[in-house]
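Being a predicted model, the structure only gives us computed values, none of them experimental. Proteins come first, then strands; the chains are lettered A, B, ... in the order of their sequence lines, and each starts at number 1.
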Number of protein chains: 2
Amino acid sequence: MAHRQDQQRRASIHDVASRAGVSAATVSKVMAGVTTVKPENAQRVLDAIEQLGYRVDPLASDMRRAKRRIIGAIMPEFESEFFGQMVTQLESLAEQRGYTLVAASSRESEARETEILARMHDWRVAGVVLAPVRNEHGPAADFMKANGMTGVLIDRVLSDDAFDTVSADSAAASAEVARELIGKGHRHILVVGLGEQAATVRARLDGFRTTALKLAPDVRIDVVLAETDVEPLRAQLRDYFDRVEGKGRGARPTAVYSLFLKGTLVALSEFRRRFWHCPNDISLVGFDDAEWMQVTWPAIAAVVQPVRQIAGHAMEALFARIEGGEGPPVARLEPCQVLMRESVGSPGNGPHPGNRQ
Amino acid sequence: MAHRQDQQRRASIHDVASRAGVSAATVSKVMAGVTTVKPENAQRVLDAIEQLGYRVDPLASDMRRAKRRIIGAIMPEFESEFFGQMVTQLESLAEQRGYTLVAASSRESEARETEILARMHDWRVAGVVLAPVRNEHGPAADFMKANGMTGVLIDRVLSDDAFDTVSADSAAASAEVARELIGKGHRHILVVGLGEQAATVRARLDGFRTTALKLAPDVRIDVVLAETDVEPLRAQLRDYFDRVEGKGRGARPTAVYSLFLKGTLVALSEFRRRFWHCPNDISLVGFDDAEWMQVTWPAIAAVVQPVRQIAGHAMEALFARIEGGEGPPVARLEPCQVLMRESVGSPGNGPHPGNRQ
DNA sequence: ATGAAAGCGCTAACAA
DNA sequence: TTGTTAGCGCTTTCAT
């Protein structure tokens, strides 16, 4: 017995036309809602469409119109809540405008990023939403520029001279984290980050440092910045803590601010290895929220990025350009929300007083 | 100053042809690696391609060949690690074969699922990898059948009479969880699930129950199954615990087995609300692993689904069908790994002995 | 070894 | 009001 034996050719516009006794052009007009078609014929066309289950082939249609209703989205990864939500949002916004979203992941590789972009260019996508691996000055943005592609840059970007950018207001959020930690009395804070994502991480670091120093000039801020990957960061963090512990009690920071999600995980796992508990032994705040952070004990404080706003404004900007909008690129920063949860306390409450209940 | 002023038309095959002084057909042949082209001409074509930066338009190409090198993937959501990894894998496997993956999320809605499928059919995708919202007997599978689409069903499926299926071996994994919990001495266990995903949840529940009862006929297994959504589950779980607590000490289960990820989160958050700590107050194992589970304190035991295997075999099966493979549908079950972490202990170790260190 | 012609499924001018 | 014509960019016979 044949698998998918009913694989008959789908009805084309000509099938509809001949069944309705009109030309293909007329069918096309009916589908486009052109009003100059004689009602009687329109009805015959509609009937034929219904009977044949006809639907336009969007690709063939785009082909002729020389404008494809496809938006490309390139994300560094699909595995995180942030980018997962981002893709979901973008998908839905593209659909609302009758476009299809084609998403691809660069897997944190700039080479792959450019490759994907080239493929999207081959597809002649109407526009691209690019969340660059590194920042707005990578090869991908250059490629887009060189090929006259329409696009918007999001997330790990600040501003660009060729493309609109939309990202979270990292600096403001970090300033708020600084206010919170300083306010609770922390005077020795470790900041953990990934240097590769230059622009954003720098904004977060500076935003934090500036405000912290303003509020408490005596604050000590240590920084552990891994260059490229997460595993080296784990090692560096371990070394760091070994070193400060070697200097005896009091040399250890009382709080950690992680500038990105994986850093938060690494910090937590390092705490675990040392049997430190939040917030008694050390406080923790992370940039980027995740569902699990509110159900662990203790719940982890986090900076929540406004995914919907970022997606919304990115698509708005993109479609404005697609529809011919001119003018200099605009750089948007969307405000974050800082959720201070139980992982943050005041220093000097003594080590691990055990579980309260 | 014009935005994207360099938006010149991209070079077409005809541009290459005229520059090389040959016909479009010849260019096409060169690109296809046909050997009958005079080397000299081939070289001229290659040069022209190089100079113009020519690349074929894959859509136009597919159009003519009447077979589009596009694979559709429909996932219930993008936000979870599991489906994120799945999409990443599928993307990479499709690429390896020169296909493009177009992923869409049904957002846990069967109506939307069918809608997306129809759109993919409009696109004339070569095949579809569908992770149904509910199970293999939904409207989406019917649609695929009715329209002679080629596809593979994954994840929330057991077997189907029309499509190949690939999923995790839920029953075997659950049996192993049962062995572990019974082995540790648990005799009163709560199982938490979502009834909607009928097939899979049933397999997990039965696999667990059967083995547990075999090993310890006196075991008491309570079940809290919400029908559709997570929030009702939260309420039901709260009620359940209120009820058993009302009956005094000893009426409370000593372990919880959650049949899906969100259930694990709900269980954890409920524990938190009651100031119960794992594993001293209660043990916890969840179906589905996540990165954070190994860094929390305690680390959460979990069933790890073999994402790569599922994706790999799904694509294998799909391409076999695309290439005309016949024969009855096959149902694959991929073995899971059960990671027993600190959230599981033995019952009766007394309540919250505080932090060891 | 090569190119002309036909056409995938559709739409946009233009004529009728 | 409608149909004819002419492609979009490509590939594939099929003559030459």
Let me know the distance between [atom1] of [X] and [atom2] of [N], rounded to the nearest Å.
X        : N       : atom1 : atom2 : result
Arg55(A) : dC10(C) : CZ    : C1'   : 16 Å
Asp15(A) : dG9(C)  : CG    : P     : 9 Å
Asp62(A) : dG9(D)  : CG    : P     : 13 Å
Arg9(B)  : dC10(D) : CZ    : C1'   : 13 Å
His14(B) : dA4(C)  : NE2   : C1'   : 11 Å
Met63(A) : dC8(C)  : CE    : C1'   : 10 Å
Arg65(A) : dG7(D)  : CZ    : P     : 19 Å
Leu59(B) : dG9(C)  : CG    : C1'   : 13 Å

Choosing from [options], which nucleotide comes nearest the side chain of [X]?
X        : options                  : answer
Ser28(B) : dT12(D), dT2(D), dC8(D)  : dT12(D)
Ala24(A) : dT2(D), dT2(C), dT11(C)  : dT11(C)
Ile13(B) : dT11(C), dG9(C), dT11(D) : dT11(D)
Asn41(A) : dT2(C), dT11(D), dT2(D)  : dT2(D)
Val22(B) : dG3(C), dT2(C), dC10(D)  : dG3(C)
Arg64(B) : dG3(C), dC8(C), dA1(C)   : dC8(C)
Lys29(B) : dT2(C), dC10(C), dT1(D)  : dT2(C)
Ser12(A) : dT12(D), dC10(C), dT2(C) : dC10(C)

Exercise. So, is Ser61(B) near the phosphate of dG9(D), with a side-chain N or O under 4.0 Å from OP1 or OP2?
Worked result: no
Exercise. Within less than 4.0 Å of OP1 or OP2 of dT2(C), is there a side-chain N or O belonging to Ser23(B)?
Worked result: no
Exercise. Hey, is the main chain of Glu110(A) close enough, under 3.5 Å, to the side chain of Arg134(A) for a donor-acceptor pair?
Worked result: no
Seminar exercise, completed: Comparing nearest nucleotides in DNA chain D, the 5'-proximal residue of the pair Thr35(A), Ala25(A) is Thr35(A)
For this session: Please tell me which of Asp57(A) and Thr26(B) maps to the more 5' nucleotide of DNA chain C, matching each residue to the nucleotide holding its nearest heavy atom.
Result: Thr26(B)
Problem set entry | Nearest-nucleotide 5' precedence on DNA chain C, Ala60(B) against Gly21(B) | Gly21(B)
Problem set entry | Minimum heavy-atom distance Ala73(B)-Leu101(B), with the two atoms named | CB-CD1, 3.9 Å
For this session: Check the side chains of Asp47(A) and Gln51(A) for a donor-acceptor pair under 3.5 angstrom, ignoring hydrogens and angles.
Result: no
For this session: Check the pair His121(B), Arg55(A) against side chain to side chain donor-acceptor pair (under 3.5 Å), reporting the backbone distance first and the verdict last.
Result: CA-CA 10 Å; His121(B) 190 214; Arg55(A) 299 182 125 224; over 6 Å; no
Exercise. Do Glu136(B) and Thr165(B) pass the side chain to side chain donor-acceptor pair (under 3.5 Å) test, and can you show the C-alpha distance, the side-chain angles, and the key distance before you say yes or no?
Worked result: CA-CA 9 Å; Glu136(B) 60 270 43; Thr165(B) 57; over 6 Å; no
For this session: Decide side chain to side chain donor-acceptor pair (under 3.5 Å) for Thr100(A) and Arg68(A); before the verdict, give the C-alpha distance in whole Å, the side-chain angles of both, and the deciding distance to 0.1 Å.
Result: CA-CA 9 Å; Thr100(A) 296; Arg68(A) 298 192 186 160; over 6 Å; no
